[in-house]
Novice: 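The structure follows.
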Amino acid sequence: MRIDVFTLFPEAFTWFASQRHVANALAHGHELTCINYRDHTPLSAGQVDDTPFGGGAGMVLRVDVVEAALRARYGTDPVALGGRRRVIALEPGGRLLDDALVDELSAEPELTLLSGRYEGFDERIVEHFASDRVSIGRYVLAGGELAAMVLCDAVLRKLPGSLGHEQSAVEESFSAALEGGPEYPHYTRPADYRGWRVPEVLLSGHHARIAQWRLEQSRSRAADARRAPDAGGQARSDAGPERA
Ligand code: ADE
């Protein structure tokens, strides 16, 4: 997969690209390229944004600047791009990123992400150049960079070669293996810490019983999440993990 991220802060992605699963994906031939809008601005003062028509706080990313950056990268009128590749504008009000959307995006050969800044995009950017609007949650970040990293992280870790153990992304929260439910609890050594004992079944070495216990835990967490959706499944249930 080739991912292009358009941003005013390409240096923000240096740390991200060095993370193990991202580095693994890149070593396997996937590509992550940052393009700085500022490098392509047609404005002599290097301007990339402007004040909003009608007044209001903040600055808005200019449509001519984004067009110039997209043209420089793809050598075509960006209006025609939407039909050829997913061009995703990161916006708080967009389609919420969830596991189904991540699966959908990880099947694409190429993605273009547009990060906004300040008050966001001139609406004509999204209307004419983007195929999708995507949000990572109903809150407002100061810019789209963190949202772009979240999306890239979730997509790249689904690609072969990204995670060390190929099974890691198969049986995880929201996967078909767990019937779309949250993941079961994990434990490691020590088996007893301050009297908080690891559930005995996990120490039994009995694979079928462990698999059954994990599925039950996942189902129980899913039921909790349905009862208390705003609690993110944190509500306790009687069928929760054994506690000492
Ligand atoms: N840009 C600012 N806030 C955002 C959010 N919550 N999701 C995606 N892009 C954003």
Side-chain angles (χ1 to χ4, degrees), residues 1-17 19 21-22 25 32-41 47-67 69-70 73 78 81-82 85-108 110-159 173-174 225 229-233:
M1 171 179 288
R2 293 169 56 184
I3 306 180
D4 289 345
V5 183
F6 287 75
T7 170
L8 287 171
F9 301 98
E11 64 282 357
F13 290 80
T14 308
W15 167 84
F16 175 69
Q19 296 309 290
H21 65 291
V22 181
L32 176 67
T33 307
C34 290
I35 297 104
N36 192 339
Y37 296 117
R38 204 177 292 283
D39 291 343
H40 303 283
T41 176
Q47 206 181 337
V48 291
D49 52 13
D50 216 325
T51 51
F53 282 127
M59 302 290 273
V60 176
L61 199 57
R62 288 178 58 127
V63 62
D64 49 354
V65 171
V66 175
E67 166 156 356
L70 287 166
R73 178 73 178 158
L81 267 182
R85 60 191 291 143
R86 301 281 283 265
V87 179
I88 297 169
L90 291 153
E91 287 199 321
R95 175 177 167 189
L96 275 178
L97 185 68
D98 61 8
D99 196 56
L101 180 53
V102 172
D103 274 339
E104 196 181 306
L105 297 177
S106 43
E108 295 285 334
E110 297 177 324
L111 291 177
T112 297
L113 307 184
L114 303 179
S115 312
R117 264 276 131 179
Y118 319 117
E119 281 308 291
F121 302 102
D122 182 307
E123 185 60 21
R124 292 166 292 185
I125 297 168
V126 185
E127 198 176 317
H128 299 290
F129 304 155
S131 58
D132 303 74
R133 302 170 190 255
V134 171
S135 168
I136 63 160
R138 294 289 183 248
Y139 42 80
V140 182
L141 301 166
E145 281 72 23
L146 287 173
M149 282 183 233
V150 167
L151 189 154
C152 288
D153 188 294
V155 165
L156 288 173
R157 67 188 294 288
K158 296 258 187 186
L159 302 180
S173 292
F174 320 121
D230 295 339

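Every number for a ligand or one of its atoms is a count from 1 in the order of the listing.
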Novice: Tell me whether Phe53 at atom CZ has more than 12 heavy atoms from other residues, nucleotides or ligands lying less than 6.0 Å away.
Specialist: no
Novice: Taking Ser135 for the side chain and Arg95 for the main chain, is one N or O donor matched with an acceptor at less than 3.5 Å?
Specialist: no
Novice: Using a strict threshold of under 4.0 Å (side-chain N to carboxylate O), is an ion pair present between Asp103 and Lys158?
Specialist: yes
Novice: List below, pair by pair, the N or O atoms of ligand 1 and of the protein that are less than 3.5 Å apart, including the distance to 0.1 Å; reply 'none' if no pair qualifies.
Specialist:
{"unit_1": "ligand 1", "atom_1": "3 (N)", "unit_2": "Leu141", "atom_2": "N", "d": "2.9"}
{"unit_1": "ligand 1", "atom_1": "6 (N)", "unit_2": "Gly137", "atom_2": "O", "d": "3.0"}
{"unit_1": "ligand 1", "atom_1": "6 (N)", "unit_2": "Tyr139", "atom_2": "O", "d": "2.8"}
{"unit_1": "ligand 1", "atom_1": "7 (N)", "unit_2": "Ile136", "atom_2": "N", "d": "3.1"}
{"unit_1": "ligand 1", "atom_1": "9 (N)", "unit_2": "Glu91", "atom_2": "N", "d": "3.3"}

Novice: Salt-bridge test for Arg86 and Asp132: reply yes if a basic N is under 4.0 Å from a carboxylate O, no otherwise.
Specialist: yes
Novice: Would you call Glu123-Arg133 a salt bridge at under 4.0 Å N-O?
Specialist: yes
Novice: How long is the straight-line distance from CZ of Phe6 back to CG of Leu70, given to the nearest 0.5 Å?
Specialist: 4.5 Å
